[in-house]
Number of protein chains: 2
Amino acid sequence: MSPTTGAEPGPDARAGRPPGRARRGLPDGSGLSSSEGRRAPSVTGRVFSILEAFDGDHRALTLTEIARGAGLPVSTAHRLVGELTGWGALERGADGAYRVGLRLWEVGSLAPRSVGLRERAMPILEDLYEAVRQNVQLAVRDGHEIVYVERLAHPEAVRVFSRVGGRWPLHPTAVGQVLLAHAPPVVQESVLTERLVAYTPKTVTDPAALRRVLAAVRRDGVAVCDGMIDLMALSVAAPVRGEDDTVVAALSVVVPSPSEGGGIEPRTLVPAVRAAARGISRALGAPTATRSDAVARPGGPRAGS
Amino acid sequence: MSPTTGAEPGPDARAGRPPGRARRGLPDGSGLSSSEGRRAPSVTGRVFSILEAFDGDHRALTLTEIARGAGLPVSTAHRLVGELTGWGALERGADGAYRVGLRLWEVGSLAPRSVGLRERAMPILEDLYEAVRQNVQLAVRDGHEIVYVERLAHPEAVRVFSRVGGRWPLHPTAVGQVLLAHAPPVVQESVLTERLVAYTPKTVTDPAALRRVLAAVRRDGVAVCDGMIDLMALSVAAPVRGEDDTVVAALSVVVPSPSEGGGIEPRTLVPAVRAAARGISRALGAPTATRSDAVARPGGPRAGS
DNA sequence: CCTTCGCTTCCGGTGAACGGAAGGAACCCT
DNA sequence: AGGGTTCCTTCCGTTCACCGGAAGCGAAGG
């Protein structure tokens with residue numbers, strides 16, 4: 001294979017592919033390996049780079065693919081993958097390809113910010129899902145990105161690009177805007193100085209405009225994003241607060257965009273989303289969610305019916 | 001291929017671990033660290049032992065607790081935990097305790113046997129959940145144990161001990177019996193020669209009796225466990241088949257045991273559970289689930305294997 | 001005050017990890 | 001059949017990253 005293989009970050013990326021972390025290129029013997037490609041020379045670092053070779057579009061990899069993706073010699077990859085497989089972090093299928101193993105998932109399921117949160121939120125998510133029969137999503141912030149923790153999708157609902165465990169930037173998603181609006185100021189400023197990628201013509205990319213959006217989100221307690229990632233979809237999100245009353249997650253509903261002929265008036269979703277988010281906050285022990293003011297009044301926590 | 005290709009990883013590092021909570025021998029300073037379960041002295045092995053220090057009852061650990069649990073010197077644990085935290089496999093809370101991090105959960109969510117399966121099964125699980133309004137569970141087998149992959153619990157349903165990501169032995173659970181009944185003969189024999197722990201007086205512990213139960217499960221296409229783990233609960237499980245028509249998972253419903261005054265007649269659940277399991281099998285592309293015979297009445301074709 | 005406990009840093013010796021190279025098994029395409 | 005390609009596995013001498021005891025720190029508590 002000629003040396004051109006992974007030079008470009010996203011030659012394979014289809015339409016709606018999130019800005020996944022830059023895939024590590026080959027060692028790239030062109031001398032000038034520079035400082036950027038800071039590769040941790042530790043064993044642990046190498047193990048991580050192996051795990052990072054797997055992502056939503058690459059769930060099954062051969063040894064050689066792993067080695068290439070992780071930037072490791074095959075013999076090294078072979079040894080480490082062998083250990084990973086022995087423990088159960090990876091599994092080898094009958095086809096010889098490696099996949100992420102059950103044991104690793106099992107440990108991951110102890111993460112409080114994902115499964116812990118999910119456990120308490122699930123009943124309310126279900127109620128909301130039953131009420132709207134569309135896409136319902138729950139996400140948390142990790143650095144400058146959101147990570148989807150749970151997603152309930154009706155088969156006939158508008159198609160969305162999110163995936164449980166998937167990452168997206170903060171600025172073009174309703175959950176992201178909610179989480180950013182309530183993030184520490186350092187994070188906000190940092191994001192506002194980054195280049196804000198446009199996914200559609202409707203994406204907010206101007207820092208000043210985004211700043212206004214965030215202020216509105218804080219004021220209204222909801223974020224509404226129409227066609228910022230996909231012109232067909234509109235999403236409404238509200239913040240979920242934890243014990244110390246900080247925003248720990250965001251909840252959203254995604255419906256067909258009215259500008260594309262969606263039949264749902266987004267404004268009717270706002271009370272339901274806000275109520276469900278408050279319901280989860282209460283389940284988490286948020287102090288303000290136990291008071292009874294603040295929410296207008298349409299519909300109780302059970303969002304209809 | 002090599003000796004270990006395909007099939008079960010025979011030697012299996014983790015088969016020895018008793019299914020219950022019992023785990024983690026404290027260093028117990030008695031000098032005699034023995035050779036008992038000595039862990040591989042590789043860096044990777046140490047990292048695994050750190051991850052293993054976390055479990056359902058220990059989701060937040062201090063550095064010292066991790067070191068003790070993993071059987072490592074504090075300074076060593078400190079260095080490795082530092083690397084794990086830097087990558088995101090662990091997170092350190094404001095209280096100084098370490099928890100499993102989002103990044104690790106994220107990689108784990110790429111495991112085909114958990115989330116991959118879950119994604120396709122979810123709509124059907126939801127339908128079943130709506131229909132019965134009780135506990136609905138989905139589990140796979142890993143070695144001599146089951147691992148719960150998904151669980152929907154009604155707040156007012158009978159309380160069960162399972163947890164997403166949790167492990168249980170095969171013989172006392174309905175899902176376990178289904179998975180064991182369709183496991184490779186090697187696994188079955190191996191389990192039948194183990195000591196079968198009794199959780200209640202009703203637990204099957206006699207190998208011959210279990211063998212008859214498994215035959216019945218294969219014949220009927222369902223397993224029914226009444227009070228084998230918890231006298232209050234009864235569960236009904238059915239097999240889920242994958243593309244190659246092997247049993248890849250099991251689905252169950254848990255209701256209050258009729259002998260304890262539960263209001264539901266278990267027999268009425270059988271068709272619903274069986275139908276849901278077939279629905280998931282079909283979603284996974286199982287050949288027999290697309291035909292319309294085979295399960296119509298007990299004593300159908302399938303019996304062998 | 002001193003003690004205890006847990007976390008962090010330091011540093012010299014050493015053995016585990018490294019990876020090039022060679023061997024082997026499939027699987028192409030002539 | 002034969003030569004070419006790709007991928008996996010094993011081997012082994014070199015070296016450097018890992019190891020962990022010890023000491024320093026800060027906080028809690030008696």
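So you know, we letter chains A, B, ... as the sequences are listed, proteins then strands, and number each from 1. Note that this is a predicted model, so its numbers are computed, not measured.
A salt bridge links A:Glu150 to B:Arg118: at least one charged side-chain nitrogen sits closer than 4.0 Å to a carboxylate oxygen. Classification of B:Glu65 and B:Arg68 as a salt-bridged pair fails, no side-chain N sitting under 4.0 Å from a carboxylate O.
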What string of B, S and - do you get for nucleotides 12-17 of chain C, 5' to 3', when a contact is any protein heavy atom under 4.0 Å? -----S
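A straight line from OH of A:Tyr98 to P of D:dC7 spans 14 Å, rounded to a whole angstrom. Summarising the geometry, the separation between CD on A:Glu65 and P on D:dT6 is reported as 13 Å, rounded to the nearest angstrom. Distance CD1 (B:Ile50) to P (D:dC18): 13 Å, rounded to an integer number of Å. Rounded to whole Å, the distance from CG on A:Leu72 to C1' on C:dG20 is 15 Å.
With sequence neighbours left out, the side-chain hydrogen bond (donor to acceptor under 3.5 Å, both in side chains) criterion links A:Arg99 to A:Asp95. The side-chain contact (heavy atoms from CB on, under 4.5 Å) search around B:Thr85 returns B:Val81, B:Leu90, B:Tyr98, not counting sequence neighbours. Residues meeting the side-chain contact (heavy atoms from CB on, under 4.5 Å) test with B:Glu243, sequence neighbours left out: none.
Nearer the 5' end of DNA chain D, as judged by each residue's closest nucleotide, is the contact made by A:Leu63, out of A:Leu63 and B:Thr76.
Minimum atom distance to the side chain of A:Thr64 is reached by D:dC7, of the listed C:dT8, D:dC7, C:dG20. Each of C:dG19, D:dA22, D:dT9 was ranked by its minimum atom distance to the side chain of B:Ser75; first place goes to D:dA22. Nearest to the side-chain atoms of A:Pro73 among the listed nucleotides C:dG20, C:dT8, D:dT10 stands C:dG20.
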Secondary structure of DNA chain C per the Watson-Crick/G-U criterion (both distances under 3.5 Å; [ ] crossing, | other strand, . unpaired) is |||||||||||||||||||||||||||..|
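Checking side-chain atoms of A:Arg113 against main-chain N and O of A:Arg141 turns up a donor-acceptor pair under 3.5 Å. In this structure, A:Arg167 contributes its side chain and A:Pro169 its backbone to no donor-acceptor pair below 3.5 Å. The closest donor-acceptor contact from the side chain of B:Arg151 to the backbone of B:Leu138 lies at 3.5 Å or more, if one exists at all.
For D:dC8, the OP1/OP2 oxygens have no side-chain nitrogen or oxygen of A:His78 closer than 4.0 Å.
Sorted by first and then second residue, the pairs that involve residues 180-189 of chain A and meet salt bridge (Lys or Arg N to Asp or Glu O under 4.0 Å), not counting sequence neighbours, are A:Glu189-A:Arg211.
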